[in-house]
Amino acid sequence: MHRVERCTSTNDLARQLAREGAPEGTAVAAEEQTAGRGTKGRRWYSTRKKGLYVSFVLRPKTPEVSLISLAGGLAVRQAIDKACGLDTELRWPNDLLWEGKKLAGILCETSFLGNLPEYVILGIGVNINHEEDDFPDDIRDIAISLKIITQRTADPEELLRHIVVSVDEWYKLFCRGESQGILSAYDEHSALKKGDEITVLMNDKPAHGIYHGLDPRGALLLKDESGIHRLTSAEIVKLL
Ligand code: BTN
């Protein structure tokens with residue numbers, strides 16, 4: 001575990017270490033990020049010591065890496081449950097929600113060498129000790145922190161220890177090829193349930209239908225009058 005006070009993004013530092021040959025399991029945690037990234041090119045506000053910002057270097061031996069980010073979501077969910085006793089829900093592909101508000105997010109970035117991944121960076125951000133006013137205006141209504149939920153200051157070090165153990169556990173499951181275990185756990189903790197009506201934004205086009213679960217590679221299945229459509233997270237701008 002490398003510790004830094006401040007960096008652009010722990011995903012950047014982890015990537016740099018991975019390029020220099022860092023072994024699988026190397027991690028970077030920062031107290032603050034000056035250019036924290038979310039998915040879809042969004043920003044991840046990373047105020048000093050308010051949140052947990054950590055990234056892991058993984059070196060999977062299969063090209064099929066899409067389940068890693070779902071496994072990462074399950075790992076963070078489990079760690080938050082163990083550390084704080086909170087039963088959070090997953091919003092596909094890997095946001096962690098508490099009563100519909102976002103508590104944590106995951107950014108998985110993969111570099112391929114030929115057909116195989118050279119490394120995967122699993123970046124995790126958890127809102128820990130934010131008060132409502134600490135969130136910028138544009139996300140105040142949709143974000144939440146452990147402190148807002150529990151009314152207590154949370155210990156980031158304790159949560160980090162649980163995250164390390166849980167990431168290890170879920171990633172090993174992935175490496176053993178136990179996709180079904182990942183998918184069924186995901187189903188159990190998913191905010192979306194099969195049969196729910198959903199709207200997804202694909203580029204600027206909305207598509208409506210019924211949530212039909214996930215396929216074996218973790219893509220979302222949307223059922224409408226024309227059949228079942230397989231949608232990857234890359235194709236979907238937003239899930240409404
Ligand atoms: C999202 O929900 O959009 C993903 C957020 C991921 C944030 C984490 S914080 C640690 C790592 N470094 C980053 O720049 N992003 C991820």
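All values below were derived from every heavy atom in this structure, side-chain atoms included, with hydrogens, water molecules and symmetry-related copies excluded. First listed ligand is number 1; within each ligand, the first listed atom is number 1. Everything numeric in this text was worked out from a predicted model, so none of it was measured.
A donor-acceptor pair under 3.5 Å links the side-chain atoms of S145 to the main chain of I148, judged by distance alone.
Listed by number with element, the atoms of ligand 1 under 4.0 Å from a non-hydrogen atom of G36 are 14 (O). Of all atoms in ligand 1, numbered sequentially from 1 with element shown, those under 4.0 Å from a heavy atom of D95 are 2 (O). Close contacts of ligand 1 with G125, meaning ligand atoms under 4.0 Å from a residue heavy atom, involve 7 (C), 8 (C), 9 (S). Proximity to G38 (heavy-atom distance under 4.0 Å) selects the following atoms of ligand 1: 1 (C), 3 (O), 4 (C), 5 (C).
Neither the backbone nor the side chain of N94 comes within 4.0 Å of ligand 1, counting heavy atoms alone. When heavy-atom distances to ligand 1 are checked against a 4.0 Å cut-off, S55 comes that close only through its side chain, counted from C-beta outward. Only the backbone of V54 comes within contact range of ligand 1, with a heavy atom under 4.0 Å; no side-chain atom does.
Listed by chain and residue number, nothing satisfies the salt bridge (charged side-chain N to carboxylate O under 4.0 Å, His left out) test with K49 (two or more places apart in sequence, or in another chain). In this structure, the salt bridge (charged side-chain N to carboxylate O under 4.0 Å, His left out) partners of D137, at least two apart in sequence or on a different chain, are R140.
Contact of the P60 side chain with the F174 side chain is registered, since non-hydrogen atoms from C-beta on lie closer than 4.5 Å.
One finds no salt bridge joining K101 and E99 here, because no Lys/Arg side-chain nitrogen approaches an Asp/Glu carboxylate oxygen to under 4.0 Å. With respect to the salt-bridge test (charged N to carboxylate O, under 4.0 angstrom), the residues R37 and D12 qualify.
Taking distance alone, with nitrogen or oxygen atoms compared against 3.5 Å, K102 approaches ligand 1 more closely than that limit. At under 3.5 Å, a nitrogen or oxygen of S9, whether backbone or side chain, sits near a nitrogen or oxygen of ligand 1.
Partner of I163 under the side-chain contact (heavy atoms from CB on, under 4.5 Å) criterion, chosen from V126, I80, D168: V126.
Counting non-hydrogen atoms of neighbouring residues, nucleotides and ligands closer than 6.0 angstrom, the NZ atom of K205 reaches no more than 12 such neighbours. Around the NZ atom of K223, the shell of radius 6.0 Å holds no more than 12 heavy atoms that belong to other residues, nucleotides or ligands.
Under the 4.0 angstrom criterion for non-hydrogen atoms, Q33 is in contact with ligand 1. For K40, the heavy-atom gap to ligand 1 stays at 4.0 angstrom or more.
Of all the listed residues (L107, T10, T34), T10 holds the heavy atom that lies closest to atom 11 (C) of ligand 1.
What sits closest to atom 6 (C) of ligand 1 on the protein, heavy atoms only, is R37 O, 3.6 Å. In this structure, the protein non-hydrogen atom closest to atom 5 (C) of ligand 1 is W44 CE3, 3.3 Å. Scanning all protein heavy atoms for the shortest distance to atom 3 (O) of ligand 1 gives T39 N, 2.7 Å.
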Query raised in the report: Checking side chain to side chain donor-acceptor pair (under 3.5 Å) for the pair H208/D224: CA distance, chi angles, key distance, verdict?
Result: CA-CA 7 Å; H208 307 279; D224 65 12; over 6 Å; no

